[in-house]
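The block underneath contains the structure these notes are about, expressed in structure tokens.
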Amino acid sequence: MMYYLIEFDPKPGVTQREVADAYRRFVEHYTVIFPQMKLAGLFARDMLLGTRPHYFALWEVPDYATLDAWKKAYAGDPDGTRLTREINDMGVAWNAKVVKKLL
């Protein structure tokens with residue numbers, strides 16, 4: 001198992017509810033297409049302690065081939081493109097990476 005981590009900060013005026021609702025729609029769409037991908041959670045800094053990122057999402061992904069298939073499916077999926085654009089339009093300073101669990 002590997003983990004795909006996505007970090008971002010909100011644009012001014014974007015609320016946690018708006019981010020959570022948009023991400024929920026994105027998750028519902030893509031987990032139907034790729035049920036092997038599991039969202040471990042969408043997280044927000046609590047009480048604004050610490051520095052950026054304000055939000056991060058953590059996905060459990062079985063392998064790199066699944067990420068490649070997701071990228072390919074996204075290219076031909078207008079609904080997925082729209083949902084992704086909706087999320088992207090809410091955030092700035094996006095960063096994504098594959099991480100491994102040490103403990």
Side-chain angles (χ1 to χ4, degrees):
M1 183 65 61
M2 56 190 242
Y3 299 89
Y4 184 58
L5 175 68
I6 302 149
E7 307 169 320
F8 63 99
D9 293 318
K11 287 182 179 174
V14 175
T15 68
Q16 278 191 354
R17 182 176 195 92
E18 290 171 318
V19 170
D21 289 346
Y23 213 84
R24 183 178 303 106
R25 289 188 296 274
F26 174 86
V27 169
E28 288 169 353
H29 177 79
Y30 274 110
T31 54
V32 168
I33 300 168
F34 291 96
Q36 65 273 36
M37 293 182 66
K38 306 283 187 229
L39 179 69
L42 173 64
F43 302 88
R45 284 188 341 211
D46 193 18
M47 298 174 49
L48 300 179
L49 295 174
T51 60
R52 63 164 316 275
H54 189 91
Y55 295 103
F56 73 90
L58 184 64
W59 291 82
E60 295 177 354
V61 183
D63 51 37
Y64 283 103
T66 302
L67 281 178
D68 290 340
W70 188 15
K71 183 178 177 182
K72 188 179 271 188
Y74 166 79
D77 180 2
D79 288 333
T81 301
R82 178 184 49 75
L83 292 166
T84 301
R85 188 173 40 253
E86 182 179 332
I87 294 169
N88 287 346
D89 289 347
M90 292 183 182
V92 296
W94 287 88
N95 188 18
K97 59 189 92 173
V98 173
V99 297
K100 65 181 178 180
K101 187 174 182 180
L102 297 178
L103 296 175

Could you go through Asp9 and Trp94, starting from their C-alpha distance and side-chain angles, then the distance that decides it, and tell me whether this counts as side-chain contact (heavy atoms from CB on, under 4.5 Å)?
CA-CA 7 Å; Asp9 293 318; Trp94 287 88; over 6 Å; no

Heavy-atom nearest pair, Glu7 first then Lys97, reads OE1-NZ, 3.5 Å

Do you know which two heavy atoms are closest between Met37 and Leu67, and how far apart they sit?
CE-CD2, 4.4 Å

At their closest point, which heavy atom of Pro10 faces which heavy atom of His54, and how far apart are they?
CD-CB, 3.5 Å

Any link between Leu83 and Val27 through a network of hydrophobic side chains (Ile, Leu, Val, Met, Phe, Trp, Tyr) touching at under 4.5 Å?
yes

Closest approach of Arg52 to Phe8 (non-hydrogen atoms, all atoms of both residues):
NH2-CA, 4.4 Å

If Ile, Leu, Val, Met, Phe, Trp and Tyr residues are connected whenever their side-chain heavy atoms lie under 4.5 Å apart, and connections chain through other members, are Tyr4 and Val32 in the same group?
no

Closest heavy-atom pair and its distance - His29, Gly80
NE2-N, 3.5 Å

Between the CZ atom in Phe56 and the CD1 atom in Ile6, the distance rounded to the nearest 0.5 Å is 11.5 Å

So if you build clusters from Ile, Leu, Val, Met, Phe, Trp, Tyr with side-chain heavy-atom gaps below 4.5 Å, do Phe43 and Val99 land together?
yes

Where do Glu86 and Ala22 come nearest, in terms of heavy atoms and distance?
OE2-CB, 3.5 Å

Sole residue of Leu39, Thr66, Leu42 in side-chain contact (heavy atoms from CB on, under 4.5 Å) with Trp59
Leu39

Measure the spacing between CG of Asn88 and NZ of Lys11 and express it to the nearest 0.5 Å.
8.5 Å

Would you please test Lys101 and Tyr3 for side-chain contact (heavy atoms from CB on, under 4.5 Å) and show each step?
CA-CA 8 Å; Lys101 187 174 182 180; Tyr3 299 89; 3.8 Å; yes

Is Asp21 salt-bridged to Arg24, cutoff N-O under 4.0 Å?
yes

In one Ile/Leu/Val/Met/Phe/Trp/Tyr side-chain cluster, 4.5 Å: Val61, Tyr23:
yes

Given side-chain contact (heavy atoms from CB on, under 4.5 Å), test Tyr55 with Val19 step by step and report yes or no.
CA-CA 9 Å; Tyr55 295 103; Val19 170; 3.9 Å; yes

Can you get from Tyr64 to Tyr30 by hopping between Ile, Leu, Val, Met, Phe, Trp and Tyr side chains that sit under 4.5 Å apart?
yes

Please report the interatomic distance CZ(Arg82) to CZ(Arg25), rounded to the nearest 0.5 Å.
8.0 Å

For the residue pair Trp70 and Phe26, categorise the inter-ring angle as parallel (less than 30°), tilted (30 to 60°) or perpendicular (more than 60°).
tilted

Glu18 and Met90, any side-chain heavy atoms less than 4.5 Å apart
yes

